[in-house]
Amino acid sequence: MSSGRSMASQNGCALSDVTGISQEIHSFSPNIRTLLQKKNHSENVRKKMLTSQKSWRLSVPVCDIVAVCETEEDGISKESGRWQKMPSFSTELTLHAFTVHHVQRSKRHHWECNEVTFYCSDHLLCNQWVQALKEQLDSQAMRPKHLIVFINPFGGKRLGKQIYYDKVAPLFRLACITAEVIVTERANHARDHLLEADLAKYDGIVSVGGDGMFSEVMHGLISRTQKNLGIDENYPSAELVPCDLRIGIIPAGSTDCICYATVGANDPITSALHIIVGDSQPIDVSSVHHKNMFLKYSVSLLGYGFYGDTLIDSEKNRWMGPSRYNFSGFKTFLSHHCYEGAVSFLPATETPGSPRDPRPCTAGCHICKYGGDQVKISQKARNLKCIEEEQQQWKVIKGKFLAVNSMNMSCACPKSPKGLSPAAHLADGTIDLILVHKCSRLSFLRHLIRHTNNDDQFDHAFVEVHRVKEFKFTPKYCDEEDSDIRDVGKNLFGQICRDHPSCSCAQLQSSWNCDGEIIKHAAIDVKVHCQLVKLFVRGIEE
């Protein structure tokens, strides 16, 4: 329902007329009287239950109503059928009833599905109310009616199917959402299906699993959108077109970083309710290329060095389950490898905000709104802006790095509530680039510990952070096939080698951790695409 629209029944009395309702409400039981009111210019449905001893009032926005169901004689709600008479609260009166299921906010960022049942002796009045509420829910175009659901049965603790069928599917049925469920059987099953399926019949896609499952769904949707429009993903400077379908995430993985960073909690019921009410939040996506060859898309962490080495080692210990990340992280920390390279980047000079801002990105963020306004400008204006950006001075930083990390979002998770970049925004069209230079193990440990508390993790001499539009990384040592990159490396690192002729690293090259997937190529080009994908979330509520 659009804001400010009056709530009325098309085949009964005007339900927004509070006076008319009050006159008809006299038929309610003398022990329990229920009054639903709607004030002008408000979306709230007012529920007021009166008893002889006290009154109780509950206000719920219409956008937070999940479903309205008829209530049978035994108190069980159903989706359709004739009204049943309810047991009266006195021996002289028989009541009819309907139940409103709505979102109830509980502990921090968690949602629950609560319900309130209304009783009335007037069959016609109850029917008018339930029809009016259902019409209002049906009029909300953002609510999905038909979804395609991909379940990864192997991710995390292998509970994806159980989580969906026990917690999510009942809520979808309650909200009259139909779902086509596909349990994936192999890697890239979901991506390949989305590349060929008829997506016009769906209102959205749901990923049940971890960050890897979401990445697979996202790759399929973005590639399908660009393919339909004839856009070559292998062209690093290509202007990608935003996807129309939204993606919902039901967390069932090991870390579920993307869900936590966009909702504030890893709770299947909370995520399902966000999908049901039709929330929508665009997010930025970074494309990763190597020598004019498309590699991957990234929405959370793109990490070289520490996080790349940790992921490679963890793949050898998948039998350990989610605990493998702690084990491999500890091993990688002890190895303390650093890597020589050069990072060149284009600063995001025109975007408001800074990676050192004290306030994080939240629902209704004005900085993300500014990014959305830039996406809406004409193609000609965007082309002119791109030319101006290309003429800007790229900055180059050379040295030895323990970690080179880029983030499109905070990358918050239960173990790191603030994330790797607490002030990163979901949809402002920028990347937070974090460079951790060579330092002692103790200093690096202090930096890592600050990911878990409220201290400023960038407040170290060996750490620098930049907000950028694009960046390139060139390692000092390249594969034989990267002869052209190796030539660039000679020019970039000649001075370093002359200044430190005896300096060498035990390990020449690391790999990139791209949202939990390994990229073997060390030399990459990365560009952010503003608000390329939309999720069934509303951002973290304050």
Closer than 3.5 angstrom, by distance alone: can the side chain of [X] be matched with the main-chain N or O of [Y] as a donor-acceptor pair?
X      : Y      : result
Gln104 : Asn114 : no
Asp211 : Cys257 : yes
Gln281 : Ala427 : no
Gln226 : Val241 : yes
Lys418 : His451 : no
Thr262 : Cys259 : yes
Asp256 : Gly253 : yes

How long is the gap from [atom1] on [X] to [atom2] on [Y], to the nearest 0.5 Å?
X      : Y      : atom1 : atom2 : answer
Leu194 : Asn188 : CG    : CG    : 11.0 Å
Ile250 : Ser271 : CD1   : OG    : 5.0 Å
Met407 : Ile431 : CE    : CD1   : 10.5 Å
Leu199 : Ile205 : CG    : CD1   : 6.0 Å
Cys113 : Glu115 : SG    : CD    : 7.5 Å
Cys365 : Leu426 : SG    : CG    : 8.0 Å

Item to check | Worked verdict on Thr117 versus Thr99 for side chain to side chain donor-acceptor pair (under 3.5 Å) | outcome: CA-CA 4 Å; Thr117 299; Thr99 300; 2.9 Å; yes
Checklist entry - Hey, which of Ser215, Ser300, Ser286 is the one that makes side-chain hydrogen bond (donor to acceptor under 3.5 Å, both in side chains) with Asp515? => result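 Filter result, single survivor: Ser300.
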Item to check | Ring centers of Tyr297, His219 separated by less than 6.0 Å | outcome: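 Close enough - the centres of the two rings lie under 6.0 Å apart.
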Next on the checklist: Quick check: His193 with Phe150 (ring centres under 6.0 Å apart)?
Outcome noted: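 Yes; His193 has its ring centre under 6.0 Å from that of Phe150.
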Next on the checklist: If you apply the rule side chain to side chain contact (heavy atoms under 4.5 Å, CB included), what do you find for Phe118 with Trp129, and how did you get there?
Outcome noted: CA-CA 10 Å; Phe118 299 93; Trp129 271 113; over 6 Å; no
Checklist entry - Does the salt bridge (charged side-chain N to carboxylate O under 4.0 Å, His left out) test come out yes or no for Lys145 and Asp203, once each step is laid out? => result CA-CA 6 Å; Lys145 298 294 188 298; Asp203 300 315; over 6 Å; no
Ionic contact status for [Y] with [X], cut-off 4.0 Å:
X      : Y      : answer
Asp456 : Arg356 : yes
Lys469 : Glu350 : no
Asp373 : Lys369 : yes
Lys227 : Glu233 : no
Glu239 : Lys527 : yes

Indicate yes or no: at least one non-hydrogen side-chain atom of [X] is less than 4.5 angstrom from one of [Y].
X      : Y      : result
Asn513 : Leu302 : no
Tyr164 : Val149 : yes
Asp192 : Arg186 : yes
Thr270 : His109 : no
Phe214 : Leu535 : yes
Ser410 : Pro360 : no
Arg105 : Trp111 : yes
Leu147 : Glu180 : no

Checklist entry - Checking side chain to side chain donor-acceptor pair (under 3.5 Å) for the pair Lys415/Asn326: CA distance, chi angles, key distance, verdict? => result CA-CA 11 Å; Lys415 292 184 178 179; Asn326 295 331; 3.0 Å; yes
Closest non-hydrogen atom pair, [X] against [Y]:
X      : Y      : value
Ile177 : Pro144 : CG1-O, 3.4 Å
Ala175 : Ile276 : CB-CG2, 3.5 Å
Ile249 : Pro251 : O-CD, 3.6 Å
Pro153 : Lys161 : CB-CD, 4.1 Å
His274 : Val263 : NE2-CG1, 3.9 Å
Val62  : Leu137 : O-CD2, 4.0 Å

Checklist entry - Can you check side chain to side chain contact (heavy atoms under 4.5 Å, CB included) on Tyr307 and Leu420, steps first, answer last? => result CA-CA 12 Å; Tyr307 290 104; Leu420 302 183; 3.5 Å; yes
Next on the checklist: Between Glu196 and Arg224, does the salt bridge (charged side-chain N to carboxylate O under 4.0 Å, His left out) criterion hold? Intermediate values first, please.
Outcome noted: CA-CA 8 Å; Glu196 302 298 333; Arg224 176 63 180 276; over 6 Å; no
Checklist entry - Any side-chain donor-acceptor pair under 3.5 Å between Asp64 and His102? => result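 Short answer, no.
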Checklist entry - How about Ser287 and His529: does a side-chain donor come under 3.5 Å of a side-chain acceptor? => result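 Present: a donor and an acceptor within the cut-off.
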Checklist entry - Would one find more than 12 heavy atoms of other residues, nucleotides or ligands at under 6.0 Å from atom CZ of Arg359? => result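 No - once you tally the heavy atoms of other residues, nucleotides and ligands closer than 6.0 Å, there are 12 at most.
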Next on the checklist: Please check if the number of heavy atoms outside Arg108 that lie under 6.0 Å from its CZ is greater than 12.
Outcome noted: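 Check fails, neighbour count at 12 or below.
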Next on the checklist: Suppose we screen for side-chain contact (heavy atoms from CB on, under 4.5 Å). Which residues come up paired with Thr452, at least two apart in sequence or across chains?
Outcome noted: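 Partners of Thr452 under the side-chain contact (heavy atoms from CB on, under 4.5 Å) test: Ile449.
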Next on the checklist: For Asp428 and Arg467: C-alpha separation, side-chain torsions, deciding distance, then whether side chain to side chain contact (heavy atoms under 4.5 Å, CB included) applies.
Outcome noted: CA-CA 11 Å; Asp428 65 341; Arg467 187 153 285 179; 4.1 Å; yes
Item to check | Residue among Cys411, Pro414, Ser416 satisfying side chain to side chain contact (heavy atoms under 4.5 Å, CB included) with Tyr260 | outcome: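 That would be Pro414; it is the only one of Cys411, Pro414, Ser416 passing the side chain to side chain contact (heavy atoms under 4.5 Å, CB included) with Tyr260.
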Checklist entry - Out of Thr225, Ile222, Asp284, which residue meets the side chain to side chain contact (heavy atoms under 4.5 Å, CB included) rule with Leu532? => result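 Only match with Leu532 under side chain to side chain contact (heavy atoms under 4.5 Å, CB included): Ile222.
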Checklist entry - Yes or no on ring-ring contact (aromatic ring centres under 6.0 Å, His included) for His146 and Tyr202, after CA distance, side-chain angles and deciding distance? => result CA-CA 5 Å; His146 188 50; Tyr202 304 116; 5.3 Å; yes
Next on the checklist: Run the side chain to side chain contact (heavy atoms under 4.5 Å, CB included) test on His189 and Ile182 for me, step by step, so that the C-alpha distance in whole Å, both residues' side-chain angles and the decisive distance to 0.1 Å come before the verdict.
Outcome noted: CA-CA 9 Å; His189 184 171; Ile182 297 177; 4.1 Å; yes
